[in-house]
Visitor: 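I'd like to ask some things about the structure below.
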Amino acid sequence: MKQDQICIQERVFRLNYSRRQNFFKQIAALLAAILLCAASPIASFAQTNAAPYDERLARLAEVLGSIHYLRNLCGDVSNEWREEMEALLTVERPDPNRRAQLISSFNKGYRGFDSVYTSCTPQALEAVDAYMNEGRALAIETNNRYAQ
């Protein structure tokens, strides 16, 4: 059993580095697109109402929370995914209500797995891969749709 746990943790550290770097690049592109949108005339409307990409942004926040919990659970102890969420909030500059909603989405993703997984399992690793792919897809789709 202990050997299985070690193998699982080794797999976490061997996650494809280029996939991880591509995900960060796509998140950065999404953040840049959001920043560009914030400078547009639509942004003044978005400041008082929900931005047209809020659903996707909330889902991305939830995905980041899920990845943050699962990666830490499986031995990749860091705050990088929380820092990505903080960067998202910094770039987006949401009003207090939208900020609270985005933070709530992050926490929902974190707590969703906190209540299910207490140790790293093969299923947890599969969930990490799935959420990395979903986060990447959300970043690309949101960037393609809302970037100017």
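Just so it is clear, the structure is predicted and the values come from calculations on it, not from any experiment. For reference, positions follow the sequence shown, starting with 1. Just so it is clear, the values below take in all heavy atoms, side chains as well, and ignore hydrogens, waters and symmetry mates.
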Visitor: About how many Å separate OG of Ser66 and CH2 of Trp81, when rounded to the nearest 0.5 Å?
Guide: 11.5 Å
Visitor: Can you list everything that forms a salt bridge (charged side-chain N to carboxylate O under 4.0 Å, His left out) with Arg59? Sequence neighbours excluded, please.
Guide: Glu62, Glu134
Visitor: Measure the CG-CG distance between Asn72 and Asn79 for me, rounded to the nearest 0.5 Å.
Guide: 7.0 Å
Visitor: Under the side chain to side chain contact (heavy atoms under 4.5 Å, CB included) rule, collect the residues that match up with Asn144, sequence neighbours excluded.
Guide: Ile140
Visitor: Using a 3.5 Å distance criterion without hydrogens, assess whether the side chain of Ser105 forms a donor-acceptor pair with backbone atoms of Gln101.
Guide: yes
Visitor: Would you check if Glu84 and His68 make a side-chain contact, meaning some heavy-atom pair closer than 4.5 Å?
Guide: no
Visitor: Using a 3.5 Å distance criterion without hydrogens, assess whether the side chain of Thr142 forms a donor-acceptor pair with backbone atoms of Leu138.
Guide: yes
Visitor: What do you reckon, are the aromatic ring centroids of Tyr69 and Phe106 less than 6.0 Å apart?
Guide: no
Visitor: Met85 vs Leu102, test: side chain to side chain contact (heavy atoms under 4.5 Å, CB included). Steps then yes/no.
Guide: CA-CA 9 Å; Met85 180 64 194; Leu102 290 171; 3.8 Å; yes
Visitor: Distance check, rounded to the nearest 0.5 Å: Leu70 atom CG versus Tyr131 atom OH?
Guide: 8.0 Å
Visitor: Indicate yes or no for a side-chain donor-acceptor contact from Tyr146 to the backbone of Pro52 under 3.5 Å, with no hydrogens or angles considered.
Guide: yes
Visitor: Do you know the tightest heavy-atom contact between Arg98 and Asp95?
Guide: N-OD1, 2.8 Å
Visitor: Examine the side chains of Glu92 and Tyr53 and answer whether a donor and an acceptor come within less than 3.5 Å of each other.
Guide: yes
Visitor: Roughly how far, to the nearest 0.5 Å, is CZ of Phe113 from CG of Leu73?
Guide: 10.5 Å
Visitor: What distance separates Leu88 CG from Leu60 CG, expressed to the nearest 0.5 Å?
Guide: 6.0 Å
Visitor: Partners of Glu55 by side chain to side chain donor-acceptor pair (under 3.5 Å), sequence neighbours excluded?
Guide: none
Visitor: Could you pull out all residues at least two apart from Glu83 that satisfy salt bridge (charged side-chain N to carboxylate O under 4.0 Å, His left out)?
Guide: none
Visitor: Just verifying a value: how many Å separate Ile67 CD1 and Asp76 CG, rounded to the nearest 0.5 Å?
Guide: 11.0 Å
